[in-house]
Amino acid sequence: TSFNTLGYYIYKTVDGGENWTLIYSGIIQQINDIEFLNSEKGWCVGWVEFGYLFKQTVDGGLTWTDKAVSPNYWGELFSIEVVNDLNFIITGSDTLFKSSDGGSNWQKIPITIGHLYDLQFFDLNLGWVKGYNINGGILYKTSNGGITWSQQAQPMRAFQFIDYQTGWYINNNLIYNTTTGGNIWSLQNSNTNNDLYDIFFLDNNTGYAVGNLGTIIKTENGGIPVELISFSSSIIDDDVTLYWQTATETNNQGFQIERSKKLEVRDGEWENIGFVDGNGTTTEPQTYSFVDENLSTGKYQYRLKQIDFNGIFEYSKIVEVE
């Protein structure tokens, strides 16, 4: 089950998007955002000619009732975040509204970073929003419920976080990823030249982005900058040759080769034995090799430490030889 908005209308699907049914028409009401806690209970926000739109449904969208955020507020509401059944956050014109009692009472927080068109909070304190100025969208982060904000990315069009540390944002045809709560961002390979408009991840691995000319792209590995598709070895006399192949690379400085001699009681420490340059950013498969020469008898383990130009790294699986 899913819900979607288009201007004055709300549509619903119960078959994964194959078919959509119109369940609500606001007539003169502009619906900007919709959020459901479950298949029955949801809220929408927007704008009417002389004020704001804020409605709630408890029957899957068949009927909607008016709700209020402030008797003294007049203006457009842009986005709503339902943290849980009691905690809501809504953005308006230069204002953030927060409720911790299911919407009965609201705290009004003035903001100084312009209109906020999208938001994502994991509690009432930590969250991200999309602001806007003449240069385009800006990603901001707050850790004190919107009292203060820090800029994290500009320009950008859309973003999503799946936990406190892991998130993505898009700009034009580019996709960026963070595993540090937005402190460091890495460029990923979108494999498209078409502009992208929105991004959504189901978990750490499976995600989608949509864009111009009907573009829909999907990743099943979190969009990691370097996709390693094989890592193997061969032995000739006292030499071990390592082979590996990548499907795509983004911002790849290269591979540090690490070795550990396997002892009977415990594994030995990892030792850096060489480095192989990467190919930066490429959508073409790349093949690499490295020879470890003149080894003494024994069991050895090898792994690759793939390093980006910005210092972010990731380890491969371990290959063992005897």
Side-chain angles (χ1 to χ4, degrees), residues 1-2 16-17 35-38 79 81-84 87 89 118-123 125-130 137 139-143 150 152-153 156-171 173-192 196-211 215-231 244-253 255-256 258 278 281-283 285 303-319:
T1 301
S2 183
E35 182 92 2
F36 271 74
L37 185 65
N38 51 49
S79 188
E81 173 75 9
V82 181
V83 180
N84 53 46
N87 297 319
I89 301 173
D118 197 7
L119 77 162
Q120 187 173 12
F121 276 71
F122 289 100
D123 52 48
N125 292 313
L126 178 62
W128 293 263
V129 298
K130 173 188 173 182
L139 183 64
Y140 293 97
K141 179 181 180 180
T142 181
S143 57
S150 60
Q152 291 202 312
M156 52 83 66
R157 281 182 174 164
F159 74 95
Q160 188 201 12
F161 280 79
I162 59 170
D163 56 39
Y164 289 90
Q165 299 295 327
T166 308
W168 294 261
Y169 80 84
I170 57 175
N171 182 57
N173 67 324
L174 305 177
I175 301 176
Y176 295 84
N177 168 250
T178 181
T179 57
T180 61
N183 296 321
I184 300 175
W185 294 89
S186 298
L187 178 65
Q188 296 187 326
N189 195 344
S190 68
N191 288 319
T192 180
L196 300 173
Y197 301 144
D198 204 0
I199 190 167
F200 181 80
F201 272 76
L202 298 172
D203 51 42
N204 277 291
N205 296 313
T206 305
Y208 301 83
V210 296
T215 299
I216 303 175
I217 57 176
K218 177 183 179 181
T219 179
E220 293 181 336
N221 65 0
I224 57 175
V226 177
E227 183 180 356
L228 189 68
I229 58 177
S230 67
F231 182 33
W244 64 98
Q245 186 178 29
T246 62
T248 62
E249 298 181 19
T250 301
N251 198 34
N252 180 24
Q253 180 182 1
F255 303 89
Q256 181 174 296
E258 297 186 355
T281 298
T282 176
T283 60
R303 68 182 184 185
L304 304 174
K305 182 179 181 181
Q306 184 273 315
I307 305 174
D308 291 347
F309 283 105
N310 57 13
I312 295 178
F313 62 86
E314 184 173 2
Y315 287 105
S316 71
K317 69 176 184 178
I318 294 173
V319 168

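Note that the numbering runs from 1 along the sequence shown for the chain. The figures that follow rest on heavy atoms only: side chains count, while hydrogens, waters and symmetry mates do not.
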Is the closest side-chain heavy-atom distance between R157 and Y197 below 4.5 Å?
-> yes
Close side-chain approach of D308 to Q253, heavy-atom, < 4.5 Å | no
Would you indicate whether the side-chain heavy atoms of F121 and T142 approach each other to under 4.5 Å?
-> yes
Residue set satisfying ring pair (Phe, Tyr, Trp, His ring centres under 6.0 Å) with F255, at least two apart, ordered chain then number -> W244, Y288
Is the charged tip of K218 near the ring of Y208: under 6.0 Å from the six-membered ring centre and within 45° of its axis?
-> no
Side chain to side chain contact (heavy atoms under 4.5 Å, CB included) involving N205 - partner list, sequence neighbours excluded = D203
Hits for salt bridge (charged side-chain N to carboxylate O under 4.0 Å, His left out) against E258, two or more places apart or cross-chain, chain-then-number order -> R303
Dump the intermediate steps for side-chain contact (heavy atoms from CB on, under 4.5 Å) on F201 and T219, then the final yes or no.
-> CA-CA 9 Å; F201 272 76; T219 179; 3.7 Å; yes
Donor-acceptor contacts under 3.5 Å from residues 161-169 side chains, at least two apart:
unit_1: D163; atom_1: OD1; unit_2: Q165; atom_2: N; d: 2.8
unit_1: D163; atom_1: OD1; unit_2: T166; atom_2: N; d: 2.6
unit_1: D163; atom_1: OD1; unit_2: T166; atom_2: OG1; d: 3.2
unit_1: Y164; atom_1: OH; unit_2: D123; atom_2: OD2; d: 3.2
unit_1: Q165; atom_1: OE1; unit_2: G181; atom_2: N; d: 3.1
unit_1: W168; atom_1: NE1; unit_2: Q188; atom_2: OE1; d: 3.4
unit_1: W168; atom_1: NE1; unit_2: G222; atom_2: O; d: 3.3

Between atom NZ of K305 and atom OG of S316, what is the distance when rounded to the nearest 0.5 Å?
-> 12.0 Å
Decide yes or no on side-chain contact (heavy atoms from CB on, under 4.5 Å) for I175 and I199, but give the supporting numbers first.
-> CA-CA 9 Å; I175 301 176; I199 190 167; 4.0 Å; yes
With sequence neighbours excluded, what pairs up with N252 under the side-chain hydrogen bond (donor to acceptor under 3.5 Å, both in side chains) test?
-> E249, Q306
Between L126 and K141, is a side-chain contact (heavy atoms from CB on, under 4.5 Å) present by the stated rule, with each step listed?
-> CA-CA 8 Å; L126 178 62; K141 179 181 180 180; 3.5 Å; yes
Where the side chain of N87 meets the backbone of N84, is there a donor-acceptor pair that is under 3.5 Å apart?
-> no
Note: L304 and F231 closest approach over all heavy atoms is CG-CZ, 3.8 Å
Do the non-hydrogen side-chain atoms of T282 and T248 ever get within less than 4.5 Å of each other?
-> no
Contacts of T215 that satisfy side chain to side chain contact (heavy atoms under 4.5 Å, CB included) - sequence neighbours left out = T192, N194, L196, I217
Whether over 12 other heavy atoms sit under 6.0 Å from L202 CG = yes
Might you work through the side-chain contact (heavy atoms from CB on, under 4.5 Å) test for W185 and N177, ending with a clear yes or no?
-> CA-CA 5 Å; W185 294 89; N177 168 250; 5.5 Å; no
What is the minimum heavy-atom distance between E81 and L119, and which atoms define it?
-> OE1-O, 3.6 Å
